[in-house]
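Worth knowing before you read on, the calculation uses all heavy atoms, side chains too, and leaves out hydrogens, waters and symmetry mates. Letters A, B, ... mirror the listed sequences (proteins, then strands); counts begin at 1.
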2 protein chains.
Amino acid sequence: MKVSRAELKQELIDAGIRPSVQRLAIFEYVRKSCQHPTAEVVYEALCDELGSLSLTTVYNTLKLFVDAGLISMLTIDDTFRCFDGNRCCHAHFRCNTCGKIVDLQMKKDFISLVEGLEGYEITDAQLYLKGFCPTCLENK
Amino acid sequence: MKVSRAELKQELIDAGIRPSVQRLAIFEYVRKSCQHPTAEVVYEALCDELGSLSLTTVYNTLKLFVDAGLISMLTIDDTFRCFDGNRCCHAHFRCNTCGKIVDLQMKKDFISLVEGLEGYEITDAQLYLKGFCPTCLENK
DNA sequence: TTCATTTTTGAAATCATTGCAAATATACAA
DNA sequence: TTGTATATTTGCAATGATTTCAAAAATGAA
(Lines give C-alpha, C1' and ligand atoms only; values in the text may rest on other atoms or scores of the structure.)
Protein backbone atom coordinates (compact mmCIF):
# COMPACT_ATOMS: atom_id res chain seq x y z
CA MET A 1 0.00 0.00 0.00
CA LYS A 2 3.05 2.26 0.25
CA VAL A 3 3.12 3.56 -3.29
CA SER A 4 4.03 7.12 -4.21
CA ARG A 5 2.09 9.26 -6.62
CA ALA A 6 5.11 9.25 -8.95
CA GLU A 7 5.12 5.46 -9.05
CA LEU A 8 1.42 5.31 -9.78
CA LYS A 9 1.89 7.90 -12.50
CA GLN A 10 4.64 5.82 -14.08
CA GLU A 11 2.46 2.74 -13.91
CA LEU A 12 -0.22 4.51 -15.93
CA ILE A 13 2.33 5.67 -18.50
CA ASP A 14 3.75 2.15 -18.78
CA ALA A 15 0.23 0.92 -19.49
CA GLY A 16 -0.10 3.48 -22.29
CA ILE A 17 -2.53 5.64 -20.34
CA ARG A 18 -1.93 9.40 -20.18
CA PRO A 19 -1.95 10.37 -16.49
CA SER A 20 -4.45 13.21 -16.39
CA VAL A 21 -5.32 14.77 -13.03
CA GLN A 22 -8.58 12.84 -12.88
CA ARG A 23 -7.04 9.53 -13.88
CA LEU A 24 -4.22 9.74 -11.40
CA ALA A 25 -6.57 10.69 -8.58
CA ILE A 26 -8.95 7.84 -9.40
CA PHE A 27 -6.08 5.36 -9.76
CA GLU A 28 -4.56 6.40 -6.45
CA TYR A 29 -7.90 6.20 -4.68
CA VAL A 30 -8.72 2.69 -5.89
CA ARG A 31 -5.19 1.40 -5.35
CA LYS A 32 -5.00 2.67 -1.79
CA SER A 33 -8.54 1.80 -0.76
CA CYS A 34 -9.22 -1.46 1.03
CA GLN A 35 -12.97 -0.92 0.79
CA HIS A 36 -13.74 -2.08 -2.76
CA PRO A 37 -15.33 1.22 -3.75
CA THR A 38 -18.08 1.62 -6.34
CA ALA A 39 -17.89 4.28 -9.06
CA GLU A 40 -20.29 6.38 -6.99
CA VAL A 41 -18.07 6.12 -3.90
CA VAL A 42 -14.97 7.11 -5.89
CA TYR A 43 -16.90 10.04 -7.32
CA GLU A 44 -18.09 11.27 -3.91
CA ALA A 45 -14.64 10.91 -2.41
CA LEU A 46 -12.80 12.81 -5.14
CA CYS A 47 -15.30 15.54 -5.99
CA ASP A 48 -13.94 17.86 -3.32
CA GLU A 49 -10.28 17.02 -3.85
CA LEU A 50 -10.52 17.75 -7.56
CA GLY A 51 -12.83 20.73 -7.30
CA SER A 52 -15.04 19.20 -9.96
CA LEU A 53 -15.50 15.77 -11.43
CA SER A 54 -18.03 13.97 -13.56
CA LEU A 55 -19.50 10.61 -12.66
CA THR A 56 -19.15 9.68 -16.33
CA THR A 57 -15.41 10.31 -16.09
CA VAL A 58 -15.21 7.96 -13.13
CA TYR A 59 -17.07 5.22 -15.00
CA ASN A 60 -14.97 5.70 -18.15
CA THR A 61 -11.71 5.78 -16.24
CA LEU A 62 -12.42 2.72 -14.13
CA LYS A 63 -13.30 0.80 -17.29
CA LEU A 64 -10.05 1.99 -18.86
CA PHE A 65 -8.07 0.69 -15.89
CA VAL A 66 -9.89 -2.64 -15.83
CA ASP A 67 -9.30 -3.16 -19.56
CA ALA A 68 -5.62 -2.36 -19.03
CA GLY A 69 -5.44 -4.91 -16.23
CA LEU A 70 -4.47 -2.29 -13.64
CA ILE A 71 -7.39 -2.94 -11.32
CA SER A 72 -10.16 -5.48 -11.23
CA MET A 73 -13.90 -5.23 -11.22
CA LEU A 74 -15.93 -7.25 -8.76
CA THR A 75 -19.46 -8.48 -9.44
CA ILE A 76 -19.86 -10.25 -6.11
CA ASP A 77 -22.78 -7.95 -5.36
CA ASP A 78 -25.32 -8.40 -8.11
CA THR A 79 -26.79 -4.92 -7.79
CA PHE A 80 -23.64 -2.90 -8.41
CA ARG A 81 -20.02 -3.27 -9.44
CA CYS A 82 -17.12 -2.40 -7.25
CA PHE A 83 -13.44 -2.11 -7.89
CA ASP A 84 -10.33 -3.58 -6.36
CA GLY A 85 -6.81 -2.20 -6.60
CA ASN A 86 -5.22 -5.05 -4.64
CA ARG A 87 -3.04 -6.93 -7.11
CA CYS A 88 -2.28 -9.93 -4.91
CA CYS A 89 -4.20 -13.14 -5.55
CA HIS A 90 -7.04 -13.26 -3.06
CA ALA A 91 -10.66 -14.29 -2.71
CA HIS A 92 -13.66 -12.17 -1.68
CA PHE A 93 -16.41 -12.78 0.82
CA ARG A 94 -19.65 -10.80 0.93
CA CYS A 95 -21.99 -10.93 3.91
CA ASN A 96 -25.63 -11.54 3.00
CA THR A 97 -26.72 -9.42 5.94
CA CYS A 98 -24.46 -6.37 6.19
CA GLY A 99 -23.18 -6.44 2.62
CA LYS A 100 -19.58 -5.93 3.66
CA ILE A 101 -16.95 -7.29 1.28
CA VAL A 102 -13.72 -8.61 2.76
CA ASP A 103 -10.49 -9.93 1.26
CA LEU A 104 -9.42 -13.48 2.06
CA GLN A 105 -5.98 -14.91 1.52
CA MET A 106 -5.50 -18.08 -0.49
CA LYS A 107 -3.29 -21.01 0.40
CA LYS A 108 -2.51 -21.35 -3.28
CA ASP A 109 -3.60 -19.96 -6.62
CA PHE A 110 -7.04 -21.29 -7.45
CA ILE A 111 -6.57 -21.38 -11.23
CA SER A 112 -4.33 -24.42 -10.79
CA LEU A 113 -7.34 -26.35 -9.51
CA VAL A 114 -9.37 -25.87 -12.66
CA GLU A 115 -9.36 -28.64 -15.22
CA GLY A 116 -9.69 -28.41 -18.99
CA LEU A 117 -8.12 -25.00 -19.52
CA GLU A 118 -5.87 -26.14 -22.37
CA GLY A 119 -6.28 -23.75 -25.27
CA TYR A 120 -7.86 -21.04 -23.16
CA GLU A 121 -6.29 -17.67 -22.38
CA ILE A 122 -7.23 -16.44 -18.92
CA THR A 123 -7.27 -12.68 -18.29
CA ASP A 124 -9.13 -12.55 -14.99
CA ALA A 125 -10.05 -14.87 -12.14
CA GLN A 126 -12.30 -14.19 -9.17
CA LEU A 127 -13.35 -16.41 -6.33
CA TYR A 128 -16.49 -15.18 -4.58
CA LEU A 129 -17.82 -16.52 -1.30
CA LYS A 130 -21.12 -15.44 0.18
CA GLY A 131 -22.72 -16.12 3.51
CA PHE A 132 -22.75 -14.60 6.98
CA CYS A 133 -19.84 -12.83 8.66
CA PRO A 134 -18.97 -13.52 12.31
CA THR A 135 -20.37 -10.19 13.47
CA CYS A 136 -23.76 -10.71 11.83
CA LEU A 137 -23.92 -14.31 13.05
CA GLU A 138 -23.47 -13.06 16.62
CA ASN A 139 -26.17 -10.43 16.31
CA LYS A 140 -28.76 -12.95 15.15
CA MET B 1 -29.41 -34.68 -16.07
CA LYS B 2 -31.78 -37.68 -16.04
CA VAL B 3 -34.32 -36.41 -13.58
CA SER B 4 -38.04 -37.02 -13.89
CA ARG B 5 -40.69 -34.37 -13.45
CA ALA B 6 -41.94 -36.24 -10.38
CA GLU B 7 -38.53 -36.09 -8.77
CA LEU B 8 -38.21 -32.37 -9.49
CA LYS B 9 -41.67 -31.85 -8.04
CA GLN B 10 -40.72 -33.68 -4.89
CA GLU B 11 -37.56 -31.63 -4.61
CA LEU B 12 -39.62 -28.44 -4.60
CA ILE B 13 -41.96 -29.84 -1.98
CA ASP B 14 -39.03 -30.91 0.19
CA ALA B 15 -37.75 -27.35 -0.02
CA GLY B 16 -41.11 -26.06 1.17
CA ILE B 17 -42.06 -24.66 -2.23
CA ARG B 18 -45.48 -25.41 -3.64
CA PRO B 19 -45.00 -26.86 -7.13
CA SER B 20 -47.26 -24.71 -9.27
CA VAL B 21 -47.30 -25.26 -13.02
CA GLN B 22 -45.06 -22.24 -13.60
CA ARG B 23 -42.60 -23.14 -10.87
CA LEU B 24 -42.20 -26.72 -11.97
CA ALA B 25 -41.69 -25.70 -15.60
CA ILE B 26 -39.08 -23.08 -14.65
CA PHE B 27 -37.33 -25.48 -12.28
CA GLU B 28 -37.21 -28.20 -14.92
CA TYR B 29 -35.92 -25.82 -17.56
CA VAL B 30 -33.06 -24.47 -15.45
CA ARG B 31 -32.12 -27.87 -14.05
CA LYS B 32 -31.95 -29.48 -17.48
CA SER B 33 -30.30 -26.59 -19.32
CA CYS B 34 -26.54 -26.55 -19.74
CA GLN B 35 -26.67 -23.04 -21.16
CA HIS B 36 -26.86 -20.89 -18.02
CA PRO B 37 -30.06 -19.16 -19.10
CA THR B 38 -31.07 -15.64 -18.11
CA ALA B 39 -34.59 -14.87 -16.84
CA GLU B 40 -35.41 -13.54 -20.31
CA VAL B 41 -34.27 -16.79 -21.96
CA VAL B 42 -36.32 -18.89 -19.54
CA TYR B 43 -39.31 -16.67 -20.24
CA GLU B 44 -38.98 -16.95 -24.03
CA ALA B 45 -38.51 -20.71 -23.84
CA LEU B 46 -41.53 -21.39 -21.64
CA CYS B 47 -44.04 -18.86 -22.97
CA ASP B 48 -45.31 -21.24 -25.62
CA GLU B 49 -45.21 -24.37 -23.47
CA LEU B 50 -47.27 -22.72 -20.75
CA GLY B 51 -49.58 -20.80 -23.01
CA SER B 52 -48.94 -17.68 -21.01
CA LEU B 53 -46.30 -16.57 -18.56
CA SER B 54 -45.18 -13.34 -17.00
CA LEU B 55 -41.56 -12.22 -16.95
CA THR B 56 -42.15 -11.07 -13.38
CA THR B 57 -43.10 -14.61 -12.42
CA VAL B 58 -39.85 -15.88 -13.90
CA TYR B 59 -37.81 -13.35 -11.92
CA ASN B 60 -39.71 -14.06 -8.70
CA THR B 61 -39.48 -17.80 -9.12
CA LEU B 62 -35.78 -17.84 -9.93
CA LYS B 63 -35.13 -15.74 -6.84
CA LEU B 64 -37.23 -18.15 -4.80
CA PHE B 65 -35.14 -21.09 -6.03
CA VAL B 66 -31.85 -19.30 -5.41
CA ASP B 67 -32.88 -18.38 -1.87
CA ALA B 68 -33.85 -22.00 -1.26
CA GLY B 69 -30.46 -23.16 -2.53
CA LEU B 70 -32.00 -25.17 -5.38
CA ILE B 71 -30.15 -23.34 -8.15
CA SER B 72 -27.44 -20.73 -8.23
CA MET B 73 -27.20 -17.29 -9.74
CA LEU B 74 -24.14 -16.33 -11.75
CA THR B 75 -22.84 -12.77 -12.00
CA ILE B 76 -19.90 -13.65 -14.22
CA ASP B 77 -21.33 -11.34 -16.87
CA ASP B 78 -21.67 -7.91 -15.35
CA THR B 79 -24.58 -6.83 -17.55
CA PHE B 80 -27.05 -9.55 -16.66
CA ARG B 81 -27.55 -12.45 -14.29
CA CYS B 82 -27.85 -16.00 -15.39
CA PHE B 83 -28.85 -19.16 -13.60
CA ASP B 84 -27.30 -22.55 -13.12
CA GLY B 85 -29.07 -25.75 -12.17
CA ASN B 86 -25.93 -27.87 -12.06
CA ARG B 87 -25.45 -28.81 -8.42
CA CYS B 88 -21.94 -30.26 -8.77
CA CYS B 89 -19.02 -28.13 -7.67
CA HIS B 90 -17.59 -26.48 -10.76
CA ALA B 91 -16.05 -23.26 -12.01
CA HIS B 92 -17.23 -21.01 -14.84
CA PHE B 93 -15.38 -19.45 -17.74
CA ARG B 94 -16.76 -16.59 -19.82
CA CYS B 95 -15.21 -15.64 -23.15
CA ASN B 96 -14.55 -11.92 -23.52
CA THR B 97 -15.24 -12.16 -27.25
CA CYS B 98 -18.23 -14.45 -27.81
CA GLY B 99 -19.67 -14.20 -24.31
CA LYS B 100 -20.19 -17.93 -24.01
CA ILE B 101 -20.16 -19.35 -20.49
CA VAL B 102 -18.79 -22.85 -20.00
CA ASP B 103 -18.55 -25.16 -17.00
CA LEU B 104 -15.15 -26.32 -15.84
CA GLN B 105 -14.46 -29.21 -13.52
CA MET B 106 -12.38 -28.71 -10.40
CA LYS B 107 -9.64 -30.98 -9.09
CA LYS B 108 -10.84 -30.23 -5.60
CA ASP B 109 -13.24 -27.96 -3.78
CA PHE B 110 -11.91 -24.42 -3.86
CA ILE B 111 -13.29 -23.35 -0.50
CA SER B 112 -10.64 -25.45 1.20
CA LEU B 113 -7.97 -23.15 -0.24
CA VAL B 114 -9.34 -20.03 1.40
CA GLU B 115 -7.77 -18.91 4.66
CA GLY B 116 -9.39 -17.12 7.58
CA LEU B 117 -12.89 -18.50 7.27
CA GLU B 118 -13.20 -19.38 10.96
CA GLY B 119 -16.45 -17.95 12.28
CA TYR B 120 -17.95 -17.44 8.83
CA GLU B 121 -20.94 -19.33 7.45
CA ILE B 122 -20.64 -19.90 3.70
CA THR B 123 -23.84 -20.26 1.68
CA ASP B 124 -22.48 -19.88 -1.85
CA ALA B 125 -19.16 -20.07 -3.66
CA GLN B 126 -18.39 -19.21 -7.26
CA LEU B 127 -15.14 -19.28 -9.17
CA TYR B 128 -15.22 -17.14 -12.30
CA LEU B 129 -12.57 -17.17 -15.01
CA LYS B 130 -12.60 -14.77 -17.93
CA GLY B 131 -10.51 -14.60 -21.05
CA PHE B 132 -10.59 -16.01 -24.57
CA CYS B 133 -11.93 -19.40 -25.57
CA PRO B 134 -10.03 -21.64 -28.02
CA THR B 135 -12.48 -20.92 -30.85
CA CYS B 136 -12.20 -17.15 -30.55
CA LEU B 137 -8.41 -17.35 -30.18
CA GLU B 138 -8.26 -19.21 -33.50
CA ASN B 139 -10.48 -16.71 -35.32
CA LYS B 140 -8.31 -13.78 -34.33
C1' DT C 1 0.01 30.83 -31.59
C1' DT C 2 -2.74 27.45 -34.30
C1' DC C 3 -4.64 23.15 -35.20
C1' DA C 4 -5.55 18.33 -34.29
C1' DT C 5 -6.26 15.03 -30.89
C1' DT C 6 -7.48 13.48 -26.41
C1' DT C 7 -10.06 13.91 -22.32
C1' DT C 8 -13.80 15.51 -19.55
C1' DT C 9 -18.44 16.75 -18.83
C1' DG C 10 -23.61 16.74 -17.98
C1' DA C 11 -27.85 15.48 -19.46
C1' DA C 12 -30.58 12.13 -21.65
C1' DA C 13 -31.22 7.35 -22.78
C1' DT C 14 -30.90 2.43 -21.79
C1' DC C 15 -32.33 -1.70 -19.90
C1' DA C 16 -32.25 -5.48 -16.52
C1' DT C 17 -34.66 -5.91 -12.48
C1' DT C 18 -38.14 -4.77 -8.90
C1' DG C 19 -42.49 -2.85 -6.75
C1' DC C 20 -47.10 -2.94 -6.57
C1' DA C 21 -51.85 -3.75 -6.69
C1' DA C 22 -55.25 -6.32 -9.16
C1' DA C 23 -56.56 -10.82 -10.95
C1' DT C 24 -56.37 -15.65 -10.62
C1' DA C 25 -55.67 -20.13 -8.59
C1' DT C 26 -55.47 -23.13 -4.71
C1' DA C 27 -56.37 -25.18 -0.08
C1' DC C 28 -59.34 -26.00 3.40
C1' DA C 29 -63.34 -25.58 6.50
C1' DA C 30 -68.18 -25.86 6.89
C1' DT D 1 -70.23 -28.43 -2.98
C1' DT D 2 -69.72 -23.61 -1.53
C1' DG D 3 -67.48 -19.91 0.69
C1' DT D 4 -63.41 -17.85 2.31
C1' DA D 5 -58.70 -17.09 3.35
C1' DT D 6 -54.23 -17.58 1.48
C1' DA D 7 -50.84 -18.14 -2.03
C1' DT D 8 -49.47 -17.26 -6.68
C1' DT D 9 -49.40 -14.99 -11.01
C1' DT D 10 -49.68 -11.05 -13.88
C1' DG D 11 -48.80 -6.57 -16.40
C1' DC D 12 -47.32 -2.23 -16.08
C1' DA D 13 -44.90 1.42 -13.97
C1' DA D 14 -40.89 2.68 -11.44
C1' DT D 15 -36.08 2.16 -10.21
C1' DG D 16 -31.31 2.92 -10.54
C1' DA D 17 -26.75 1.69 -12.08
C1' DT D 18 -24.47 2.30 -16.24
C1' DT D 19 -23.87 4.03 -21.03
C1' DT D 20 -24.44 7.15 -24.96
C1' DC D 21 -23.56 11.22 -27.07
C1' DA D 22 -22.24 15.57 -28.54
C1' DA D 23 -20.28 19.74 -26.83
C1' DA D 24 -16.65 21.92 -24.03
C1' DA D 25 -12.12 21.92 -22.17
C1' DA D 26 -7.43 20.46 -21.94
C1' DT D 27 -3.32 18.88 -24.01
C1' DG D 28 0.43 18.08 -27.40
C1' DA D 29 2.74 18.92 -31.70
C1' DA D 30 4.20 21.99 -35.20
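Remark: B:Gln22 is in phosphate contact with D:dT10, judged by side-chain N or O atoms under 4.0 Å from OP1 or OP2. At the phosphate of C:dT8, neither OP1 nor OP2 sits under 4.0 Å from any side-chain N or O atom of A:Ser52. Look at A:Ser54 and you won't find any side-chain N or O under 4.0 angstrom from OP1 or OP2 of C:dT8.
Distance, A:Ile26 CD1 to C:dT9 P: 8 Å, rounded to whole Å. Rounded to whole Å, the distance from CG on A:Leu53 to P on C:dA11 is 14 Å. One atom, CG of A:Leu74, and another, P of D:dA17, lie 17 Å apart when rounded to the nearest Å. Atom CG in B:Leu12 sits roughly 15 Å away from atom C1' in D:dA7 (whole-Å rounding). At whole-Å resolution of the value, CD1 in A:Ile17 and P in C:dT8 are 11 Å apart.
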Checklist line | A:Asp14/A:Gln10 under side-chain contact (heavy atoms from CB on, under 4.5 Å): CA gap, chis, key distance, verdict | finding: CA-CA 6 Å; A:Asp14 292 345; A:Gln10 189 58 48; 2.8 Å; yes
Checklist line | Derivation and outcome, side-chain contact (heavy atoms from CB on, under 4.5 Å), residues A:Gln35 and A:Val41 | finding: CA-CA 10 Å; A:Gln35 307 290 312; A:Val41 166; over 6 Å; no
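Transitive grouping of hydrophobic side chains (ILVMFWY, heavy atoms separated by less than 4.5 Å) brings A:Phe110 and A:Val102 into a common cluster. Placement of A:Tyr120 and B:Leu137 in two distinct hydrophobic clusters is found when ILVMFWY residues are connected by side-chain heavy-atom separations under 4.5 Å, directly or transitively.
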Report, one line per pair, each donor and acceptor closer than 3.5 Å where one atom sits in a side chain of residues 55-66 of chain A; sequence neighbours left out.
| from | atom 1 | to | atom 2 | distance (Å) |
| --- | --- | --- | --- | --- |
| A:Asn60 | ND2 | A:Thr56 | O | 3.4 |
| A:Thr61 | OG1 | A:Thr57 | O | 2.6 |
| A:Lys63 | NZ | A:Asp67 | OD2 | 3.2 |

Next item on the list: Produce a footprint string for nucleotides 16-22 of chain C: one letter per nucleotide, 5' end first; B if the base is under 4.0 Å from any protein heavy atom, S if only the sugar-phosphate is, - if neither.
Entry: SBBBB--
Next item on the list: Go along nucleotides 23-30 of chain D 5' to 3' and tag each nucleotide: B for a protein heavy atom under 4.0 Å from its base, S when only backbone or sugar atoms are that close, - otherwise.
Entry: -----S--
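Within the nucleic acid shown, A:Thr57 comes within 4.0 Å of at least one base atom, counting heavy atoms only.
Taking CG of B:Leu74 as the start and CG of A:Asp78 as the end, the distance is 11.5 Å to the nearest 0.5 Å. Note that CD of B:Glu138 is 9.5 Å distant from SG of B:Cys133, once rounded to the nearest 0.5 Å.
The two residues B:Arg87 and B:Ile71 make their nearest non-hydrogen contact at NH2-C, 3.4 Å. Minimum heavy-atom separation, B:Gly116 to A:Leu104: O-CD2, 4.0 Å.
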